[in-house]
Amino acid sequence: MTGIKKFSSISGALKELFGAEIENTDRLYGGDINDAFAITLSGGKKVFMKSNRRASSSFFAAEAAGLAAIARSGTIGAPKILGFGDENGRAFLLLEFIDEGRRASDFWETFGRQLAGMHKADADSFVSDGAFGFKADNYIGHTKQINTPKNSWIEFFRDCRLEPQFRMAERFFSAPGIKRANLLLDRLDGLLIEPDHPSLLHGDLWSGNFMTGSDGRAWIIDPAAYVGHAEADIAMTELFGGFHRKFYAAYNEAAPIERGYEDRRDLYNLYQLLNHLNMFGGSYLSSVMRIVRRYA
Ligand code: ADP
């Protein structure tokens with residue numbers, strides 16, 4: 001699917017790719033879903049590895065497809081994909097190791113400009129038979145993310161984003177809650193807007209999903225990539241505390257955010273909060289219902 005090589009063992013992959021043996025495997029922390037490791041090879045090179053015993057290799061093929069799209073846009077740092085596969089029922093993904101460095105003094109401005117560059121890049125090649133979506137379905141966390149192409153962003157956001165998450169979350173809602181959710185879906189045409197142009201999105205851009213590379217720049221990791229309205233990425237950056245104001249100033253200068261964004265932001269984040277409700281449980285219900293009540 002991605003043109004990225006599939007392997008049947010981690011050590012075999014590393015032997016084939018680098019002609020080296022595994023010297024050390026150190027666990028890394030910070031992710032929500034998978035086990036993460038720094039592998040040191042004979043000769044000293046480091047490789048990043050993510051694995052998951054409950055997933056199949058297609059789970060990581062989907063992440064690799066997102067990273068490949070981001071890399072192809074040529075706008076912002078993202079780790080190179082080395083390979084993916086299954087080893088005795090354990091799915092794995094091998095990536096270039098991002099050596100962390102200190103943030104450059106213009107870290108946030110550059111990050112804002114680079115993300116704007118990614119959002120402005122031609123996104124046609126990442127989706128076929130429609131303007132919005134992606135070449136294949138992928139995952140947001142461990143929830144399936146449907147990317148069936150559509151020509152309307154609003155239709156895409158309703159049918160492929162909010163509606164499937166509402167359906168999955170039905171057990172958390174009362175009957176009046178479900179009614180309101182349906183009303184919100186019916187009203188979406190009047191609440192959202194179509195973008196000037198479709199944008200390649202990271203899809204899950206919160207502070208845990210970028211790192212500072214040794215170049216002092218932002219490197220984005222762990223995407224749930226698709227082609228959509230750029231505002232959805234910006235909204236996600238604001239969901240858990242927000243990025244530095246210099247990031248937004250630089251972004252806005254390079255790719256002005258349309259008027260009324262503040263009124264649409266929570267609708268985009270409703271998708272992310274519903275996904276958190278579905279993955280982590282009831283503590284997210286009040287945030288979800290606050291947004292549903294605001295719009296329906
Ligand atoms: P998950 O899929 O479980 O959310 P992440 O992709 O967020 O996992 O990775 C977990 C942690 O591993 C990150 O918080 C980061 O610290 C580290 N990490 C992720 N990708 C790389 C990489 N390419 N190089 C070095 N460290 C990485």
Side-chain angles (χ1 to χ4, degrees), residues 1-2 31-34 50 55 58-73 75-79 81 93 95 111 114-121 123-127 130-150 153-154 156-165 168 192 195 197-211 218-240 243 247 251 255 264-279:
M1 176 174 88
T2 59
D32 287 332
I33 308 294
N34 302 294
K50 260 163 114 156
S58 62
F59 177 76
F60 286 128
E63 179 170 337
L67 284 170
I70 291 168
R72 200 139 28 97
S73 80
T75 50
I76 189 162
I81 306 141
L93 176 65
L95 300 176
F111 189 6
Q114 288 182 326
L115 189 73
M118 185 174 104
H119 287 164
K120 288 203 288 191
D124 280 2
S125 62
F126 305 124
V127 57
F132 303 96
F134 201 54
K135 284 205 164 143
D137 290 346
N138 50 17
Y139 297 85
I140 176 82
H142 56 67
T143 312
K144 187 100 177 192
Q145 182 165 261
I146 298 163
N147 291 321
T148 310
K150 306 263 181 200
W153 161 245
I154 301 174
F156 177 82
F157 196 70
R158 179 174 46 230
D159 296 354
C160 300
R161 290 292 176 269
L162 289 185
E163 210 263 336
Q165 290 280 358
M168 270 183 271
L192 294 179
H197 60 89
S199 299
L200 176 65
L201 308 186
H202 176 283
D204 192 9
L205 193 55
W206 67 291
S207 58
N209 279 344
F210 70 82
M211 298 176 67
W219 286 57
I220 52 181
I221 57 170
D222 205 14
Y226 66 101
V227 175
H229 196 313
E231 285 182 346
D233 256 359
I234 297 299
M236 180 69 185
T237 68
E238 295 197 83
L239 181 56
F240 301 119
F243 290 6
F247 167 89
Y251 181 94
R264 297 184 289 275
R265 175 176 47 207
D266 285 355
L267 288 167
Y268 301 127
N269 285 340
L270 179 56
Y271 171 64
Q272 304 289 354
L273 288 167
L274 278 166
N275 188 45
H276 277 67
L277 176 62
N278 282 317
M279 286 200 308

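Keep in mind the model is a prediction, meaning the values are calculated, not measured. This chain uses plain numbering: 1 for the first residue, then up along the sequence.
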Atom pair [atom1]/[atom2] of [X] and [Y] - distance to nearest 0.5 Å:
X	Y	atom1	atom2	answer
L67	I81	CG	CD1	5.0 Å
F111	F243	CZ	CZ	4.5 Å
D266	L270	CG	CG	8.5 Å
Y226	D233	OH	CG	7.0 Å
R161	Q145	CZ	CD	3.5 Å
D159	I146	CG	CD1	9.5 Å

Of the non-hydrogen atoms in [X] and [Y], which two are nearest, and what is the gap between them?
X	Y	result
K150	C160	CE-SG, 4.0 Å
Y139	A62	CD1-CB, 4.1 Å
A123	L200	CB-N, 3.8 Å
L201	A230	CD2-CA, 3.6 Å
A116	A255	CB-CB, 3.8 Å
S73	I70	OG-O, 2.7 Å

Heavy-atom side-chain proximity of [X] to [Y] below 4.5 angstrom:
X	Y	value
Q272	I140	yes
S125	R72	yes
F60	N34	yes
Y251	L115	yes
M279	D32	no
K135	F126	no
M118	I220	yes
F156	V227	no

* Go through the steps for N275 and T143 under the test side-chain hydrogen bond (donor to acceptor under 3.5 Å, both in side chains), then give the verdict. => CA-CA 7 Å; N275 188 45; T143 312; 2.5 Å; yes

* Run the side-chain hydrogen bond (donor to acceptor under 3.5 Å, both in side chains) check on H202 and N209 step by step: do they pass? -> CA-CA 9 Å; H202 176 283; N209 279 344; 4.7 Å; no

For the backbone of [Y] and the side chain of [X], can you confirm whether one donor and one acceptor N or O come within less than 3.5 Å of each other?
X	Y	value
N269	A235	yes
N278	Q165	yes
D204	P223	no
E63	N138	no

* To do: Verify ring pair (Phe, Tyr, Trp, His ring centres under 6.0 Å) between F157 and H229, making sure each step is shown before the conclusion.
  => CA-CA 9 Å; F157 196 70; H229 196 313; 9.8 Å; no

* To do: Can you label the angle between the H276 ring and the F240 ring as parallel, tilted or perpendicular, going by 30° and 60°?
  => tilted

* Asked: Using the ring of each side chain (for Trp, its six-membered ring), is W153 parallel, tilted or perpendicular to F132, with breaks at 30° and 60°?
  -> tilted

* **Worked verdict on Y268 versus I234 for side-chain contact (heavy atoms from CB on, under 4.5 Å)** => CA-CA 9 Å; Y268 301 127; I234 297 299; over 6 Å; no

* Asked: Hey, mind stepping through L239 and L273 against side-chain contact (heavy atoms from CB on, under 4.5 Å) and telling me if it holds?
  -> CA-CA 9 Å; L239 181 56; L273 288 167; 4.2 Å; yes

